[in-house]
2 protein chains.
Amino acid sequence: MGHMTSPRTRMSPDSRREQLLELGVRLFATRSLEDLSIETLAEEAGISRGLLYHYFGNKQEFHTAVVQRAADDLFAVTAPTGEGAPLEQLAGSLERYVDYVTENYHGYLSLLRGAAGGHEGLREIYESARAALTDRLFEGPVAEEAAALGLTDTPAVRLLVHGWAAFTEDVVLEWVRDARGISRDELLLTLSASLPGILAPLRQA
Amino acid sequence: MGHMTSPRTRMSPDSRREQLLELGVRLFATRSLEDLSIETLAEEAGISRGLLYHYFGNKQEFHTAVVQRAADDLFAVTAPTGEGAPLEQLAGSLERYVDYVTENYHGYLSLLRGAAGGHEGLREIYESARAALTDRLFEGPVAEEAAALGLTDTPAVRLLVHGWAAFTEDVVLEWVRDARGISRDELLLTLSASLPGILAPLRQA
DNA sequence: CAACGCTATTGACGCACGTTCAATACTTTG
DNA sequence: CAAAGTATTGAACGTGCGTCAATAGCGTTG
């Protein structure tokens, strides 16, 4: 809550902006983007509304910055560790993704909803975050092993991989909401096995 | 354009409400829910803002009514015809779904975004529309033939079918945006073949 | 260490849009 | 044709976005 800080605390632009961004992401996890108003944020941060406009220009830019930050967090969490065999690294990324959604359910949900329902800029952020995740399948040492599973880098395969990302997103979200008796390991196995399962039909045509 | 209709045209409640709903759905196809303001609608319909409140109570209820109507349209379009073998009927539904998205791209996109980003009521409408589509797999004469493909009615299977719906939605949307050299028939085959592909891993565990 | 300059920060203003409600004017009825 | 019923309006209010000149904290300088 806004609290009783002394009126007018002067900070350096960098730390002030960082403070506002962090607070924005934290509040974003508990309410929708619409409800994350300039007014709310200013109150919680204990500053005037005008200052937010000084740092973010307008509501859209502020929302963009918050969503970008949240997407960056997700991307960082799922980054490959660089250890182990290529396919094991992919499995590890998927694992950390599932754990991230589990531990950060509300925040992740807000990110999805905000990006899906928001303006063009927000959707772009989310789309490129998702692209960054799946692009890992076609780059580096992983690509060769992946190709053996049907993951050649063609437009059709990319389309299905895009769809698989949507599938994974949906299933993980539903699973966190209600596990339906499925263990975490079973979920992970099912998700990774479904990718070749989706691609298989394509190899015959 | 609001136009030069005579000021104050009195209509029966039913036809007036219907007119406003239809106009709402039409405008909704070309802009976001946020931009579908009470003011915009009133202007386009050539009525006062107050009248909209008379019929829909408030903005949320108006949006709810519009989204519900759009979802009903989609559900009606993809309803099984009742002719042909069970599995053929499913294929037909999928076919009409793809065609609907193709011909109604902007409207469908608006529906998705509005439902995903909007308030709880909107998400419920969309979720139950999707559920209604996939529930067909587990009901009536289809269920028996479907069970042979791994579609037994268990929580785990339902979870994956839910995910398959998200997969299909995503792939069709992307395909309409850019076909990537894939024909409509190839798309339909790939989509229907991917469902057993997704379920296959589950049968071994 | 006091005056100064730079700029982070404020507060008041205007605007757009959602929302309410008493007044108004069609249409029907007796 | 008068009167009742109600579809419709328009003006008023609240809230949250966006702008900007005025203010005040903090480092610098003599």
Side-chain angles (χ1 to χ4, degrees), chain A residues 1-24 27-28 30-67 114 117-122, chain B residues 2-24 27-28 31-67 114 117-122:
Chain A
M1 301 70 198
H3 303 318
M4 56 244 80
T5 59
S6 66
R8 196 169 281 220
T9 328
R10 195 189 174 105
M11 299 176 62
S12 82
D14 281 357
S15 26
R16 177 64 87 185
R17 196 188 148 91
E18 183 59 26
Q19 175 212 356
L20 296 177
L21 251 185
E22 277 179 18
L23 178 59
L27 294 184
F28 181 40
T30 66
R31 67 202 76 199
S32 75
L33 264 193
E34 271 310 295
D35 293 335
L36 185 59
S37 62
I38 300 286
E39 190 151 25
T40 302
L41 201 283
E43 260 177 47
E44 297 282 324
I47 60 169
S48 70
R49 289 192 301 268
L51 192 58
L52 243 112
Y53 285 94
H54 178 67
Y55 281 103
F56 296 98
N58 58 40
K59 196 186 179 186
Q60 276 206 3
E61 284 181 37
F62 174 60
H63 284 171
T64 302
V66 168
V67 168
H119 60 271
E120 187 56 28
L122 296 184
Chain B
H3 302 317
M4 57 247 83
T5 58
S6 65
R8 195 169 282 219
T9 325
R10 193 187 176 111
M11 298 177 62
S12 81
D14 282 355
S15 26
R16 176 65 86 186
R17 196 187 149 91
E18 184 60 26
Q19 175 213 353
L20 296 178
L21 251 185
E22 278 179 18
L23 179 59
L27 294 184
F28 181 39
R31 68 202 75 199
S32 77
L33 263 193
E34 271 311 294
D35 293 335
L36 185 60
S37 62
I38 300 286
E39 189 151 27
T40 302
L41 201 283
E43 261 176 46
E44 297 281 326
I47 60 169
S48 69
R49 269 166 295 167
L51 192 57
L52 242 111
Y53 284 92
H54 178 67
Y55 282 102
F56 295 99
N58 58 39
K59 195 187 179 184
Q60 276 206 4
E61 284 183 36
F62 174 59
H63 284 171
T64 302
V66 167
V67 168
H119 59 271
E120 187 57 29
L122 295 185

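Reminder, nothing fancy here: chain letters follow the sequence lines and each chain counts from 1.
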Looking at [X] and [Y], what are the two nearest heavy atoms and their distance?
X     : Y      : result
A/F56 : A/L21  : CZ-CG, 4.2 Å
A/A65 : A/R17  : CB-NH2, 4.3 Å
A/R16 : A/T9   : NH2-O, 2.6 Å
A/T64 : A/H119 : OG1-NE2, 3.3 Å
B/T40 : B/R31  : CG2-NH1, 3.6 Å
B/L20 : B/A45  : CD2-CB, 3.8 Å

For A/K59 and A/E34, run side-chain contact (heavy atoms from CB on, under 4.5 Å): C-alpha distance rounded to whole Å, both residues' side-chain angles, the deciding distance at 0.1 Å, then the answer. CA-CA 10 Å; A/K59 196 186 179 186; A/E34 271 310 295; 3.7 Å; yes
Report yes if a side-chain nitrogen or oxygen of A/H54 is closer than 4.0 Å to either non-bridging phosphate oxygen (OP1 or OP2) of C/dA8; otherwise report no.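 Yes, such a contact exists.
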Report yes if at least one side-chain N or O of B/Y55 is closer than 4.0 Å to OP1 or OP2 of D/dT8; otherwise report no.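 Checking D/dT8 against B/Y55, a side-chain N or O does come within under 4.0 Å of OP1 or OP2.
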Given DNA chain D, 5'-ward residue of the pair A/L36 and A/G50, judged by closest heavy atom: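 Comparing both residues, the 5'-ward one is A/L36.
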List, with names and distances, any nitrogen or oxygen atoms from the protein found under 3.5 Å away from nitrogen or oxygen atoms belonging to nucleotides 27-30 of chain C.
none

Let me know the distance between [atom1] of [X] and [atom2] of [N], rounded to the nearest Å.
X     : N      : atom1 : atom2 : result
B/R49 : D/dG10 : CZ    : C1'   : 9 Å
A/I38 : D/dG18 : CD1   : P     : 7 Å
A/N58 : C/dA16 : CG    : P     : 16 Å
B/F56 : D/dA7  : CZ    : P     : 14 Å
B/L33 : C/dG18 : CG    : P     : 12 Å
B/E43 : C/dA16 : CD    : P     : 12 Å
B/F62 : C/dT19 : CZ    : C1'   : 15 Å
A/E34 : C/dG18 : CD    : P     : 11 Å

Counting any heavy atom closer than 4.0 Å, what does B/S37 reach on the DNA or RNA strands: base, sugar-phosphate only, or nothing?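 Sugar-phosphate, backbone atoms only, no base.
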Which one, D/dA7, D/dC17, C/dG18, comes nearest to the side chain of B/R8?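 Among D/dA7, D/dC17, C/dG18, the one nearest the side chain of B/R8 is D/dA7.
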Give the nucleotide from the list C/dA8, D/dG18, C/dT19 with an atom nearest to the side chain of B/Y53.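 Ranking C/dA8, D/dG18, C/dT19 by closest atom to the B/Y53 side chain puts C/dT19 first.
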